[in-house]
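Have a look at the structure below, then the notes.
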There are 2 protein chains.
Amino acid sequence: MVKITDVARHAGVSPSTVSYALSGKRPISQETRQRVEASIRELGYRPHAGARALASSRSNVLALVIPLRTGIHVPVVMQFAMSVATTARRHDHDVLLLTQEEGEEGLRRVVDSALVDAMIVMDVQLDDPRLPLLRSLDRPSVLIGFPAEADGLTCIDLDFKAAGELCVERLAGLGHRVVALVGSPPEVYVRRTAFAQRVVQGFTAAAHRNGLISCVHPCEPAPAAAAAVAEQLLREQPALTGVVVHNEPLLEPLVDAFEQLGLRVPGDLSVTAICPDELAESVRVPVTSVALPAAELGSRSVELLMKKLGGKTVPGATLLAPRLTERASTAPRNAP
Amino acid sequence: MVKITDVARHAGVSPSTVSYALSGKRPISQETRQRVEASIRELGYRPHAGARALASSRSNVLALVIPLRTGIHVPVVMQFAMSVATTARRHDHDVLLLTQEEGEEGLRRVVDSALVDAMIVMDVQLDDPRLPLLRSLDRPSVLIGFPAEADGLTCIDLDFKAAGELCVERLAGLGHRVVALVGSPPEVYVRRTAFAQRVVQGFTAAAHRNGLISCVHPCEPAPAAAAAVAEQLLREQPALTGVVVHNEPLLEPLVDAFEQLGLRVPGDLSVTAICPDELAESVRVPVTSVALPAAELGSRSVELLMKKLGGKTVPGATLLAPRLTERASTAPRNAP
DNA sequence: GTGAAAGCGCTAACAA
DNA sequence: TTGTTAGCGCTTTCAC
């Protein structure tokens, strides 16, 4: 194994100079730096991660806590993880995979053993049991999602309120006057996460602002429920021409259900959704949607963490602006 | 931070005794061990990972190289990764996430810097560029999939040949006499991975053994191709009553296509597939299938790696026996 | 701008 | 069965 003393000898400098040349923590003359760099390359030197961590109390590793719960859209998690890994590498860090299952104990373990410098926690719940721990730990963390009480924490997520608004604005802009939100399952609104309520707020506010008639239907995520919801919606609001879907498993069956009730999408009914792009694209009638920006969430999380590790302060809350992609499921309202 | 000397003082023993009590690498008297354990608990001691790695040249971290390529079924990768992480923890190891993108350089980096002790490489190609490196590295690795030349490597995968056979045996057992394999896209057979060919071998051998009439159709993965294939199959083999599908994106559209050609599944046509269970279950007519045992592959990989790290020798090739799950898409052949 | 040297916290000889 | 101690390879004061 090549070590720093080997490089130092080869370059005719002291080990500390090699170290400083690598870290840039003190000025090195142009000439010395080049000799050192040449020696490093020539000898194929790679600093020993453990030794470095021991001496510097920095491991250059981030923990990423990944959810296992059902109801999570797997490709989104994957995309997020990949983005975190890629971005971390750009900042000279690696990523340690932690399962949700390991819980608070797992977080404490990797922090106390100095395995990681910081952590990213996905799938944060309203009353997440890990919150007190994360607050008390002396290592920085970033949460994906917003708990009920976010004081002293750094959180990031899609701006779901703005996403709900954006969907409605788009429908209103196309001339639709009666719109409905098919939302997440009822239990989501009660416990767990806040994003579902935020969508409702945005949807309702924007409908109001635009003078639309609107209604909200929380809905079980079972595809079987789709036909019932579609039928109920049309019964209650025969003039309905715009629908916002915030319920992944329901999207495809719902579009089918409307068509089977004799409504063309987008001819008679325009549909927008808040869901992963790939889902929106995979429906038979590709759906105009606000994307869940998994990759951006990933890279932004890492960047927040890097700032915190660098001693900078960062905003406690970061909301990503929604981005709507036009697809085949929306059209101007038919002339009456 | 609590360190080993703190624990030693508190327990009235030497640091080495604490270390040995933790590692079990030399006998400790019952009484001493209990005092040490009590002190550890009381002080909340956690060994410093870096210090440990430095002194023992073992990081207790495994690298997991995850593919990014399209055409990979994401939930399977995720399931595999989770299984690796969970199993690794049972062996007191952690998992470092590496993207395919990092390539050989990434593998070399984490090994040379002693960040990881061993690695698991997913999505291995027939002529994978990483093979020479993996062979030359002095750290053990396990590959998921079989390259063309596996000498000196440890590989594990589903036994795709047996999977092909199993599907045919099942159809034959139900009385079907004319069967077809709808396989992976042509290019898969040419380059990349070996599993597609293995399925064909198993399929053909079993058909032969059972005296069945059989044919093989490699097929583009585009759903649009489904109708064409279905139509062609029925034209060439009007007596066809059994189909094996080894092509994830085609499964659902193919079943649809057959039904639109007037064939009931399983009334007129029995369908089996080799694909992730969740895909098989999600089709309108749930499909009898041989599962891709992602979780088992994950845990078995880790166990192989642990054996290798322990100095034991392991088989170069491990083939997991296929497991067929009966679902709604298969039935006895209609009386003629 | 550079060097010398004292640790970082742990493991594993070696010694008893 | 237990203790003493010399490193593991690096970073970072302190000194020049």
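- Between B:Thr5 and C:dC10 there is no side-chain polar atom (N or O) within less than 4.0 angstrom of OP1 or OP2.
- Per the geometry, CE belonging to A:Met1 stands 10 Å off C1' belonging to D:dC10, to the nearest Å.
- If you take CD of B:Gln34 and C1' of D:dT2, they are 17 Å apart, rounded to a whole angstrom.
- We find that B:Arg109 and B:Glu102 are joined by a salt bridge, their nearest charged nitrogen and carboxylate oxygen being less than 4.0 Å apart.
- We find that CG of A:Asn60 is positioned 16 Å from C1' of D:dG9, with the value rounded to whole Å.
- A donor-acceptor pair is defined here as one N or O able to donate and one able to accept, closer than 3.5 Å; such a pair exists between the side chain of B:Thr86 and the backbone of B:Met82.
- Rounding to whole angstrom units, CG of residue B:Leu54 and P of D:dT11 are separated by 12 Å.
- Following rounding to the nearest Å, A:Arg9 (CZ) and C:dG3 (P) show an atom-to-atom distance of 14 Å.
- A donor N or O paired with an acceptor N or O is found under 3.5 Å between the base of D:dT4 and the side-chain atoms of B:Ser16.
- Looking at every heavy atom in both residues, A:Ser301 comes nearest to A:Ile120 through CB-CD1, 3.8 Å.
- Looking at heavy-atom distances under 4.0 Å, A:Ser23 makes no contact with the nucleic acid at all.
- When each of D:dC10, C:dG3, C:dG9 is scored by its nearest atom to the side-chain atoms of A:Ala55, the top-ranked nucleotide is D:dC10.
- Residues A:Pro27 and B:Leu22 both approach DNA chain C. Their nearest nucleotides, taken by heavy-atom distance, put A:Pro27 toward the 5′ side.
- One can place NZ of A:Lys3 at 11 Å from P of D:dG7, the figure rounded to the nearest angstrom.
- Between B:Val2 and B:Val7, the closest heavy-atom pair is CG1-CG2, 4.3 Å.
- Across the protein-nucleic acid pair, A:Tyr20 atom OH and C:dA5 atom P stand 15 Å apart, rounded to whole Å.
- Taking CG of B:Leu292 as the start and CG of B:Leu158 as the end, the distance is 6.0 Å to the nearest 0.5 Å.
- The shortest heavy-atom contact between A:Leu115 and B:Ala49 is CG-CB, 3.9 Å.
- As judged by a 4.0 angstrom heavy-atom cut-off over every strand, A:Thr32 is placed among residues touching the sugar-phosphate backbone only.
- When distances run from any side-chain atom of A:His48 to the nucleotides D:dT4, D:dT2, D:dG9, the shortest one goes to D:dG9.
- Of the candidates C:dC10, D:dC10, D:dG9, the closest approach to any side-chain atom of A:Ile4 belongs to D:dC10.
- In this model, no side-chain donor or acceptor of A:Arg26 finds a partner on the base of D:dT12 within 3.5 Å.
- A close approach under 4.0 Å does not occur between any side-chain nitrogen or oxygen of B:Ser56 and OP1 or OP2 of C:dT11.
- B:Ser19 has no side-chain polar atom (N or O) that falls below the 4.0 Å cut-off from OP1 or OP2 of C:dC10.
- With DNA chain C read from its 5' end, the first of the two nearest nucleotides for A:Gln30 and A:Pro15 is the one closest to A:Gln30.
- When the P atom of D:dC10 is taken as reference, atom CD1 of A:Ile40 falls 10 Å away, rounded to whole Å.
- Within the structure, a side-chain polar atom (N or O) of A:Lys25 is placed less than 4.0 Å from OP1 or OP2 of D:dT12.
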